[in-house]
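Just so you know, these numbers use all the heavy atoms, side chains as well, and skip hydrogens, waters and symmetry mates. The first residue of the sequence shown is numbered 1, and numbering continues consecutively from there.
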Amino acid sequence: MIQQRLAAAINQHNWFTVTIEILIVVTGIFIGLQVDDWNEARKDRQVERRYLERIHADLAIDIGSMQDGISLANQRREMGRLLLQALEHPDLVRADPTAFMYAIEQANYTYSPSSEDDTFEELKYSGELRIIRNPTLRAALTGYYKKFEDHQQWNYIRESEQVGYNEAKLGILTAKQIYALNNYELLATFTESEALEALDRIRNKPAFIERIPYATHHLWDRRAYQVWEKAAQALQLQISAELGNGRP
């Protein structure tokens with residue numbers, strides 16, 4: 001219809017009508033493009049919100065993992081202190097033989113919290129990281145997961161200490177005792193006599209005694225987990241602010 005009117009106006013040299021018809025066509029095209037852009041932007045905002053909500057939930061898992069790591073580091077550090085103090089104060093062994101035996105076996109155990117990064121990895125490798133409009137938040141997300149990944153390279157130090165401790169510990173506990181201590185389906189208990197015999201074997205293994213302070217202090221672990229817990233909490237707050245400001 002517009003084409004017919006435009007052709008007639010041109011034939012009649014009615015340039016005013018020609019101009020009006022062209023403007024109508026251009027305006028229609030422009031509005032159509034704007035509507036398409038708006039629809040695409042709306043879809044992007046929906047996708048952005050879903051990603052941010054998922055990452056927010058992932059960070060909650062990270063925080064729980066860090067808190068577990070801090071708690072376990074504290075517990076195992078206390079086990080290490082018990083082992084060292086028992087050398088001078090055997091009454092500590094008599095007071096709780098089972099706790100002492102568990103300390104021998106588990107004081108050096110390590111726990112390396114993992115990051116729930118599947119959502120971020122999906123976002124990154126799908127090429128949709130650009131969908132996070134806030135550049136500050138986008139940089140914070142990238143920085144958080146990159147630093148956590150870099151941190152994992154130091155796990156070998158913790159693992160090395162654990163191996164050294166276990167090697168030095170050989171001969172202190174019997175095979176039956178080790179099995180009982182590591183059978184999580186049973187609650188193992190030990191007599192005072194068993195614990196004091198283990199204490200005597202520790203005293204005769206100076207290499208093991210030297211290992212105790214290094215393999216059981218866990219201070220570095222605890223500090224690292226506290227840093228990551230705060231980082232995850234701060235990132236959660238940034239995401240909450242982004243989700244709550246109406247932008248997504």
Side-chain angles (χ1 to χ4, degrees), residues 59-116 148 151-203 205 207-233:
L59 289 169
I61 296 174
D62 285 3
I63 291 169
S65 182
M66 298 304 165
Q67 291 173 343
D68 287 344
I70 293 168
S71 177
L72 290 170
N74 288 335
Q75 291 175 22
R76 288 160 185 168
R77 183 165 181 261
E78 288 303 311
M79 287 181 175
R81 292 178 62 183
L82 172 61
L83 294 179
L84 292 173
Q85 291 172 353
L87 294 171
E88 300 295 331
H89 305 284
D91 285 344
L92 293 173
V93 178
R94 297 187 181 93
D96 195 338
T98 297
F100 180 73
M101 296 293 278
Y102 270 101
I104 296 172
E105 177 65 16
Q106 298 182 2
N108 75 309
Y109 280 11
T110 61
Y111 171 79
S112 181
S114 59
S115 175
E116 190 72 20
F148 197 97
H151 174 76
Q152 302 306 303
Q153 67 179 309
W154 303 108
N155 283 345
Y156 78 92
I157 297 176
R158 185 188 303 108
E159 293 165 359
S160 176
E161 285 289 351
Q162 188 167 355
V163 169
Y165 179 95
N166 287 336
E167 290 176 347
K169 185 182 65 180
L170 291 174
I172 293 175
L173 300 173
T174 67
K176 182 178 179 180
Q177 289 168 345
I178 293 172
Y179 174 79
L181 288 164
N182 288 284
N183 188 340
Y184 295 103
E185 295 180 359
L186 301 174
L187 183 61
T189 58
F190 298 90
T191 65
E192 178 181 311
S193 175
E194 288 179 298
L196 289 174
E197 288 174 0
L199 176 61
D200 285 339
R201 289 193 287 269
I202 289 175
R203 286 173 170 157
K205 289 181 73 71
F208 175 71
I209 296 173
E210 290 177 1
R211 278 279 179 182
I212 294 174
Y214 300 102
T216 68
H217 64 92
H218 298 291
L219 285 175
W220 187 85
D221 290 340
R222 185 175 65 181
R223 289 169 184 164
Y225 303 155
Q226 288 171 337
V227 168
W228 286 114
E229 180 188 9
K230 290 179 180 178
Q233 290 170 337

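- To the nearest 0.5 Å, atoms CE (Met66) and CG (Leu59) are separated by 10.0 Å.
- Between atom OH of residue Tyr109 and atom CZ of residue Arg76 there is a gap of 8.0 Å, rounded to the nearest 0.5 Å.
- Side-chain contact between Thr216 and Met79: absent, with no pair of heavy atoms (C-beta onward) separated by less than 4.5 Å.
- Here the side chains of Thr174 and Lys176 are in contact, with some heavy-atom distance below 4.5 Å.
- Of the possible donor and acceptor atoms, one in the side chain of Asn182 sits under 3.5 Å from a partner among the backbone N and O of Ile178.
- The heavy-atom pair separating His218 from Ala73 by the smallest distance is CB-O, 3.7 Å.
- Nearest heavy-atom pair, Thr98 versus Ala188, reported as atom, atom and distance to 0.1 Å: CG2-O, 3.4 Å.
- With contacts defined as side-chain heavy-atom distances shorter than 4.5 Å, the pair Glu105/Gln177 does not qualify.
- Of all heavy-atom pairs between Ile172 and Arg201, the closest is O-NE, 2.7 Å.
- Of the inter-residue distances, the one linking Glu161 atom CD with His217 atom NE2 reads 6.5 Å to the nearest 0.5 angstrom.
- For the residue pair Ser71 / Gln75, a side-chain donor-acceptor distance below 3.5 Å is found, with atom types taken as modelled.
- At most 12 heavy atoms of other shown residues, nucleotides or ligands fall within 6.0 angstrom of atom CZ in Arg81.
- Here the CG-NE2 distance, from Leu84 to His89, works out to 11.0 Å after rounding to the nearest 0.5 Å.
- Distance CD/Gln106 to CE/Met101: 12.0 Å, rounded to 0.5 Å.
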query = Going through the checks in order, is the side chain to side chain donor-acceptor pair (under 3.5 Å) test met by Asp62 and Ser115?
reply = CA-CA 5 Å; Asp62 285 3; Ser115 175; 3.0 Å; yes
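- Side-chain rings of Phe190 and Phe100 stay apart, their centers remaining 6.0 Å or farther from each other.
- Between the CD1 atom of Ile212 and the CG atom of Asn108 there is a distance of 10.0 Å, given to the nearest 0.5 Å.
- Nearest heavy atom pair, residue Ala103 against residue Leu82, reads CB-CD2, 4.1 Å.
- Using a 4.5 Å cut-off on side-chain heavy atoms (C-beta onward), Leu199 and Leu87 make contact.
- Proximity of Glu192 to Val93: side-chain heavy atoms (C-beta onward) are nowhere separated by under 4.5 Å.
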task = Mind running ring-ring contact (aromatic ring centres under 6.0 Å, His included) on Tyr165 and Tyr214 for me, showing each step along the way?
result = CA-CA 9 Å; Tyr165 179 95; Tyr214 300 102; over 10 Å; no
task = For Glu167 and Arg211, run salt bridge (charged side-chain N to carboxylate O under 4.0 Å, His left out): C-alpha distance rounded to whole Å, both residues' side-chain angles, the deciding distance at 0.1 Å, then the answer.
result = CA-CA 10 Å; Glu167 290 176 347; Arg211 278 279 179 182; 5.9 Å; no
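- In this structure, the side chains of Ser65 and Trp228 stay at 4.5 Å or more apart for every pair of heavy atoms.
- Scanning all heavy atoms of the two residues, the minimum distance from Thr191 to Glu194 falls at N-OE1, 2.9 Å.
- Scanning all heavy atoms of the two residues, the minimum distance from Glu116 to Ile61 falls at CG-CD1, 4.1 Å.
- With a 4.5 Å cut-off on side-chain heavy atoms, Ile202 and Lys205 do not count as touching.
- A donor-acceptor contact closer than 3.5 angstrom links the side chains of Arg222 and Asn74.
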